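What follows is one structure encoded as structure tokens, with my remarks underneath.
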Amino acid sequence: MPYELLLFDLDDTLFDFAETEKHALGNTFTTFGLPNGLATYRDSYRAISAVIWDDLEQGRITLEELKVERFRQLFAQHNLQIDASHFGELYIENLGRESHLIDGVEEMLSGLADYRLAVLTNGFTLAQHARIAGSPLRDTFEAVIASEETGFKKPQPEIFDYAFNKLGITDPSRVLMIGDSLTSDIQGGMNAGIDTCWFNPNRKPNNTAIQPTYEIHSWEEFHVGRQVVKNR
């Protein structure tokens, strides 16, 4: 397939979000006088956050509500007297200071000079733009489109429509969506009628009805000769 535009997810696709979260969350707890907060509360936070992000994908909560709700629930669970709104704002700022690339990303992207490259992320605009600007990928993408700016989120087809309009795409068959999430990136690409590539470095089993066009397990597999991706 002669793809023209490659749309990349950001977290856990190009950037190591676990590392990003660790530093940002730890620094935010430290600012609020809890230097051991990361070690004490991270497991609880991640469990709560996973549910909240699923709520976002399913349209049960907005991104602005997510920013506060995950910390409101965490602090209520542990009886912490912390302003969840203030904490959430500082956490987003700290996320923007962290740029941790997944192995092989820089080399992979450097081999894609023949393609238009853009990011489509469900993250916060300020944080995502700041992280890319502070990384070796700062001059790589034609556009960085975050759900916060569009009013929609993956897997909604409207966020893809927004991206196509912004990038002047009239032929969706020439677009490939690449990401780590079956329910967000791959389902979103399917909803938009475009091909998809599932980045699955941990070789998670796919027991869903969501079937990507391609599946890869490392970035070394992504660019094989003149082919964009290696077939499954």
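Bear in mind that the values here come from a model prediction, so they are computed numbers and not experimental data. Reckoned from all heavy atoms, side chains included, excluding hydrogens, waters and symmetry mates.
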Distance (rounded to the nearest 0.5 Å) between M190 CE and D185 CG:
13.0 Å
Where the side chain of R116 meets the backbone of L167, is there a donor-acceptor pair that is under 3.5 Å apart?
yes
I'd like to know if the side chain of H129 reaches the main chain of V144, judged simply by a donor and an acceptor atom lying under 3.5 Å from each other, with no hydrogens or angles considered.
yes
Donor-acceptor under 3.5 Å (R138 side chain, A133 main chain)
yes
F152 vs Y162, test: ring-ring contact (aromatic ring centres under 6.0 Å, His included). Steps then yes/no.
CA-CA 9 Å; F152 303 101; Y162 180 99; 8.1 Å; no
Is D11 salt-bridged to R131, going by a charged N under 4.0 Å from an acidic O?
yes
For H78, look at atom NE2 and say whether over 12 heavy atoms of other residues, nucleotides or ligands are found less than 6.0 Å away.
yes
Shortest non-hydrogen pair, R70 vs Y45, comes out as NH1-OH, 3.1 Å
Run the side-chain contact (heavy atoms from CB on, under 4.5 Å) test on F75 and D83 for me, step by step, so that the C-alpha distance in whole Å, both residues' side-chain angles and the decisive distance to 0.1 Å come before the verdict.
CA-CA 9 Å; F75 300 155; D83 185 325; over 6 Å; no
If you draw a 6.0 Å radius around CG in D103, do more than 12 non-hydrogen atoms from other residues or ligands fall strictly inside?
no
If you define the side chain from C-beta out and look only at heavy atoms, does anything of L176 sit under 4.5 Å from I194?
no
Using distance alone, with no hydrogens and no angle criterion, decide if E107 and S110 have a side-chain donor and acceptor under 3.5 Å apart.
no
With rounding to the nearest 0.5 Å, note down the distance linking CD in E106 to CG in L14.
11.5 Å
Worked verdict on F8 versus T121 for side-chain contact (heavy atoms from CB on, under 4.5 Å)
CA-CA 8 Å; F8 287 91; T121 170; over 6 Å; no
In terms of hydrophobic clustering (I, L, V, M, F, W, Y; side-chain heavy atoms under 4.5 Å; direct or indirect links), are F15 and I92 co-clustered?
no
Could you tell me if the side chain of L7 sits less than 4.5 Å from the side chain of I145, heavy atoms only?
no
Does some side-chain heavy atom of P35 sit less than 4.5 Å from a side-chain heavy atom of F29?
no
Donor-acceptor pair, distance only, cut-off 3.5 Å: does the side chain of N206 make one with the backbone of I210?
yes
Any luck finding a side-chain donor-acceptor pair between N191 and Q187 under 3.5 Å?
yes
Hphob cluster co-occupancy, W219 + L6, side-chain heavy atoms under 4.5 angstrom:
yes
Provide the closest heavy-atom pair for N200 versus H217 in the form atom of the first, atom of the second, distance.
O-CD2, 3.1 Å
Got F17 and L95 here, is their nearest side-chain heavy-atom distance under 4.5 Å?
yes
Go through L38 and H23 one step at a time and tell me if the side-chain contact (heavy atoms from CB on, under 4.5 Å) criterion holds.
CA-CA 9 Å; L38 178 69; H23 290 280; over 6 Å; no
I'd like to know if the side chain of Q58 reaches the main chain of D54, judged simply by a donor and an acceptor atom lying under 3.5 Å from each other, with no hydrogens or angles considered.
no
Quick one: does any side-chain atom of R174 pair with a main-chain N or O of P2 as donor and acceptor, under 3.5 Å?
yes
With a 3.5 Å cut-off and no angle check, do the side chains of Q73 and Q77 form a donor-acceptor pair?
no
Heavy-atom neighbours of R60 CZ exceed 12 at 6.0 Å:
yes
Backbone N/O of I178 and side chain of W198: donor-acceptor pair under 3.5 Å
no
Heavy-atom closest pair, residues D195 and T213
CA-OG1, 3.4 Å
Nearest 0.5 Å, please: how far is OG1 in T62 from CD in E69?
10.0 Å
Looking at G59 and K153, what are the two nearest heavy atoms and their distance?
CA-NZ, 3.5 Å
Looking at I61, is its backbone amide N or carbonyl O close enough to the side chain of E64 to form a donor-acceptor pair, meaning the two atoms are under 3.5 Å apart?
no
From F71, F32, F124, residue fulfilling ring pair (Phe, Tyr, Trp, His ring centres under 6.0 Å) relative to Y91
F71
Stepwise, does the side-chain contact (heavy atoms from CB on, under 4.5 Å) test hold for I48 with I52?
CA-CA 6 Å; I48 291 168; I52 296 293; 4.1 Å; yes
Listing request: all side-chain hydrogen bond (donor to acceptor under 3.5 Å, both in side chains) pairs with a residue in residues 32-43, at least two apart in sequence or in separate chains.
E21-R42
Applying side chain to side chain donor-acceptor pair (under 3.5 Å), can you list everything that pairs with E158, at least two apart in sequence or on another chain?
none
Between atom CZ of F141 and atom CG of L120, what is the distance when rounded to the nearest 0.5 Å?
12.0 Å
Would you check if the side chain of T140 reaches a backbone N or O of L137 as a donor-acceptor pair within less than 3.5 Å?
yes
Separation between CG (L34) and CZ (F87), nearest 0.5 Å, reads 8.0 Å
List for me each residue that meets salt bridge (Lys or Arg N to Asp or Glu O under 4.0 Å) alongside E89, sequence neighbours excluded, and say none if there are none.
K67
Nearest heavy-atom contact between L74 and S44 is CD1-CB, 3.7 Å
Just by distance, do the side chain of T150 and the backbone of S147 share a donor-acceptor pair under 3.5 Å?
yes
Connected via hydrophobic side-chain network under 4.5 Å: M108 and L10
yes
Using a strict 4.0 Å threshold on nitrogen-to-oxygen distance, state whether K166 and E149 make a salt bridge.
yes
Measure across G179 and D9 and return the closest heavy-atom pair with its distance rounded to 0.1 Å.
CA-CB, 3.8 Å
